[in-house]
Amino acid sequence: MYWAEPGERGIFAHLRPGHRGRNVFKMTDGSFQETEPSDHTLIFHTYHGGHVHPLTATEEADLIAAGYGDYIEA
């Protein structure tokens, strides 16, 4: 998904096309998902896409185990 799609006529037409970050939600049951649940009490932590998040060793291991290792920078 990009900031500006071809033929965009709104305010995003003035931005250079680029990849958007995706939010990742760690749920209270320990699972991860990218779809925001309607019940926010089920969210333990939100990793906002496009931002740098300091991670503990445990958080890093959990994200790698969930398949997000390619998105973690050293």
Side-chain angles (χ1 to χ4, degrees):
M1 191 171 250
Y2 293 93
W3 287 106
E5 298 295 332
E8 177 73 52
R9 302 180 84 181
I11 193 166
F12 290 113
H14 301 283
L15 296 174
R16 282 186 312 167
H19 292 287
R20 290 184 181 183
R22 297 180 304 191
N23 292 341
V24 175
F25 301 93
K26 181 174 184 178
M27 310 307 290
T28 55
D29 67 0
S31 65
F32 291 87
Q33 63 184 52
E34 294 180 18
T35 304
E36 185 173 356
S38 58
D39 183 355
H40 289 180
T41 65
L42 299 175
I43 301 171
F44 178 75
H45 187 76
T46 302
Y47 299 95
H48 296 282
H51 293 70
V52 175
H53 296 272
L55 300 173
T56 66
T58 301
E59 289 174 315
E60 183 175 346
D62 289 347
L63 286 162
I64 290 169
Y68 293 99
D70 289 346
Y71 305 102
I72 296 175
E73 295 180 2

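If you're wondering where the values come from, they're calculated on a predicted model, not measured in any experiment. Every heavy atom of this structure was used, including side-chain atoms; hydrogens, water molecules and symmetry mates were not.
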Student: Please enumerate all residues that pass side chain to side chain donor-acceptor pair (under 3.5 Å) together with E60, with sequence neighbours excluded.
Tutor: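 E60: no side chain to side chain donor-acceptor pair (under 3.5 Å) contacts found.
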
Student: Please enumerate all residues that pass ring-ring contact (aromatic ring centres under 6.0 Å, His included) together with F25, with sequence neighbours excluded.
Tutor: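 Residues passing ring-ring contact (aromatic ring centres under 6.0 Å, His included) with F25: none at all.
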
Student: For the hydrophobic clusters of this structure (ILVMFWY residues joined by side-chain heavy atoms under 4.5 Å, transitively), does one cluster hold both L42 and V24?
Tutor: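 No, because L42 and V24 fall into different hydrophobic clusters, even though each may have its own neighbours under 4.5 Å.
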
Student: With sequence neighbours left out, write down each residue that passes side chain to side chain donor-acceptor pair (under 3.5 Å) with T58, or none if nothing qualifies.
Tutor: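 Side chain to side chain donor-acceptor pair (under 3.5 Å) check on T58 returns nothing, list empty.
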
Student: Show your reasoning for whether side chain to side chain contact (heavy atoms under 4.5 Å, CB included) applies to K26 and D62.
Tutor: CA-CA 10 Å; K26 181 174 184 178; D62 289 347; 3.1 Å; yes

Student: Y68 vs Y71 aromatic rings, parallel, tilted or perpendicular, using cut-offs 30° and 60°?
Tutor: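 Answer is tilted, since the angle falls between 30° and 60°.
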
Student: Return the minimal non-hydrogen interatomic distance between P37 and M27, and the atom names on each side.
Tutor: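 Shortest heavy-atom contact: CG-CE, 3.5 Å.
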
Student: Would you compute the distance between atom OG1 of T46 and atom CG of N23 and round it to the nearest 0.5 angstrom?
Tutor: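 The CG atom of N23 is 7.0 Å from OG1 of T46, to the nearest 0.5 Å.
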
Student: Between H53 and H51, what is the shortest heavy-atom contact and its length?
Tutor: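 Heavy-atom minimum between the residues: CD2-O, 3.5 Å.
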
Student: In this structure, would F44 and L63 fall into the same cluster of hydrophobic residues linked by side-chain contacts under 4.5 Å?
Tutor: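 Cluster IDs for F44 and L63 differ.
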
